[in-house]
Asker: 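Attaching a single structure in structure tokens format; questions to follow.
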Amino acid sequence: MSHTHHELLERICKRIVGQLKERDIEVDTDFMTFVVHLLVRDMRYGLLHTDLNKPSSCHIDTFIKYIVHGYTDNTDTTMANMRLSWIMKMGHGIKLAYVREQYEVKYQQQLKLLIDDILQYPETCSKVQLDQLFAKMQVFVAATYHLGCPSNHVLLKLVAMALNSVIGRSDLQNYVLKKKYHRQEYLQRLADTVAGIVIYNNDGPDGDRENVRYVIGELQMAQSNTSAAFDAVLERLKDLSGKCQAAISEQLQFNCKETTLYYRVPLEQLQRINQFTVTFNSLMRCLLELQRSYEHTAYMVSVESGRYNCVIAKINDTLYMRSAIDSELIFPHFVYLSKVWGNLNHYFNHIVELNRLREQLECQVPKEMEQRAKDTIMEIQDLSKHIKEMRECSFNERMELLKKYQTDGNFCSLAEADIKEFCGLTLAVTNGLLLPAKVLRKLCMNLDIKFGFQDETYARIGELWFERFIIAFRQAIFNSANLALLFNLDHALIAKELQPVPVEPPKTKDFEGQTEMVVTNDLSGANWINVTWNAWDYHRETIHLAEIRKRQTHDTQTKISYGQRNAQNQTYNTRHN
């Protein structure tokens, strides 16, 4: 697919969006562009069987009708695969740094009004104004470090006690005398210290769990629930995928010695089951990526929890058997405790975002789709009972069927894909059916690509038929939208096409700067100042020169009268004293 078809696909996308809006269905235009550009390459539902330079309106209408129907059907496997891939591409919440940045920006926007209100108090504050300032500082501390609900009077009372132990009435009066930028810096340091005191006072089993938030306990519960949710859904998907692949394997027999494929049910009927295999495995791979991100965050939580316990122990040792302690000795520990508490909050937020993404991904594969997969398996099994004789076809004939399709996919991009899980020979011979692989082979020495096979005999055929196998394998993947999405190769197909269409550079360019031209008048340094690009200046200069020409005199008589004609031939006698 090249840029010459870009305009056609854009028109198709606009028609689809228009039809969905007529049905009062909200649709993301970018997502629909992604769907059209990828699905048009599908050898079953796309437009590869027609000439895109002269497309048939009938084929285009059928293509549009299929996409509109699939978008409105929540059990459509192809559209579910599209949504899964799009959610993973747009779901930046999988990155810890992104979630941390977004939450910080969000809370800073929410607290900006409160901070500005605290900083606006004048230097000559009355007692009532100082009381208001003190109350707003309590809310600021509780909200900044997520200690609980800022409107909880019990929490505010605990914060006020900690605030009184750090700053008194006289210190509060001195605070408003500081410069504004110094006041904001001091306010942040004050909040760090006060929050650390509140956290320390409510640590342990005797803490006020009803009014003061305890992020350690919340993280333990969140980790337990998240791990259980991931394990449950992955186990369910693995079981469903195994049933689908077992149902396909029952209908196929591979004779590797004679390189012949025997099948009872038509392969197009088996593709119906294979679509569910692709969807279940696509969801499984998306969830595994989320699980890896979660495990990294869980490790960071364990490290930060160790720091939390360490600083609590350090504060306990500092306060043990002492009645009076210098603030410069103990306050830095409270500040560090508040920083650790803030990091734990960020990790908790990331786990929350990962669970939201997990739920959003699971919604793309509803219970109705699972039931439809089971019904399809039973239907294929019943159909096979009525077919007594098995059909046969050679491996070479099946591979030759894919040569009529053209693709923009690059073979080298397969190195980035995880293709080891499924048998490569089965996928090439059956034009896309997925069966599990048990043996790994590196057929190409120039590229680090490992292919999966069911056993050693399958791998041997892949080695002997390397050229034919590679061509068929490549065509089967890049001419199937579902397989391209499963192996995360969709970006390799349409990345260039989704970029703006390149504009052919013009043969001539307009340059606004002044450039030298070949003109008949004198362009020497002395006369260059008279050169201009304004036509009216030329016109005025011409009239001026014509006027001078009219007034020009022939000075021959003048030179004779003064004796200057042929002056070069005249001689003068020198004067003698």
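What you see is a predicted model, and the numbers here were worked out from it, not measured in a lab. FYI, the numbering just counts along the sequence from 1.
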Asker: Distance from Phe280 atom CZ to Leu486 atom CG, nearest 0.5 Å?
Answerer: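 Between Phe280 CZ and Leu486 CG, I get 13.0 Å after rounding to 0.5 Å.
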Asker: State yes or no: are the ring centers of Phe254 and Tyr458 separated by less than 6.0 Å?
Answerer: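 Under 6.0 Å, so yes.
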Asker: Can you measure from CG (Asn355) to OG1 (Thr226) and round to the nearest 0.5 angstrom?
Answerer: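 That separation rounds to 3.5 Å.
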Asker: Measure from the side-chain N and O atoms of His350 to the backbone N and O of Ile94, and report whether any donor-acceptor pair falls under 3.5 Å.
Answerer: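 It does hold such a pair.
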Asker: Taking Arg285 first and then Glu289, would you say they form a salt bridge - that is, a charged N and a carboxylate O separated by under 4.0 Å?
Answerer: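 No.
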Asker: Could you grab the distance from atom OG of Ser305 to atom CD1 of Ile216, nearest 0.5 Å is fine?
Answerer: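 Between Ser305 OG and Ile216 CD1, I get 4.5 Å after rounding to 0.5 Å.
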Asker: If you look only at pairs with a residue in residues 25-38, which of them pass as a salt bridge (Lys or Arg N to Asp or Glu O under 4.0 Å), with sequence neighbours excluded?
Answerer: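 Counting only pairs at least two positions apart or across chains, no salt bridge (Lys or Arg N to Asp or Glu O under 4.0 Å) contact touches residues 25-38.
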Asker: Is it true that Glu456 and Arg441 make a salt bridge, defined as a side-chain N closer than 4.0 Å to a carboxylate O?
Answerer: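 Here Glu456 pairs with Arg441 in a salt bridge, since their nearest N and O are under 4.0 Å apart.
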Asker: Side chains of Arg372 and Phe276, heavy atoms from C-beta outward: is any pair under 4.5 Å?
Answerer: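 In contact.
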Asker: Can you find a side-chain donor-acceptor pair between Asp375 and Gln371 that sits under 3.5 Å?
Answerer: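 Yes.
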Asker: Name the orientation class of the two ring planes belonging to Phe451 and Phe473 (parallel below 30°, tilted from 30 to 60°, perpendicular beyond 60°).
Answerer: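 It falls in the perpendicular class, over 60°.
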Asker: Applying salt bridge (charged side-chain N to carboxylate O under 4.0 Å, His left out), name anything that partners Arg292, two or more places apart in sequence or on another chain.
Answerer: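 Salt bridge (charged side-chain N to carboxylate O under 4.0 Å, His left out) list for Arg292, sorted by chain: empty.
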Asker: How about Asn345 and Tyr103: does a side-chain donor come under 3.5 Å of a side-chain acceptor?
Answerer: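 The criterion, which ignores hydrogens and geometry beyond distance, is not satisfied for Tyr103 and Asn345.
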Asker: Less than 6.0 angstrom from the centroid, inside 45 degrees of the normal: does Arg307 satisfy that with respect to the ring of Tyr336?
Answerer: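 Output no; distance or angle outside limits.
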Asker: Side-chain donor-acceptor pair under 3.5 Å between Lys89 and Ser85, yes or no?
Answerer: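 Their side chains do contain a donor-acceptor pair, which is all the 3.5 Å distance test asks for.
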Asker: Do we get Arg474 above Phe487's six-membered ring, with its NZ or CZ under 6.0 Å from the centre and within 45° of the axis?
Answerer: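 Pair Arg474/Phe487 does not count as cation-pi.
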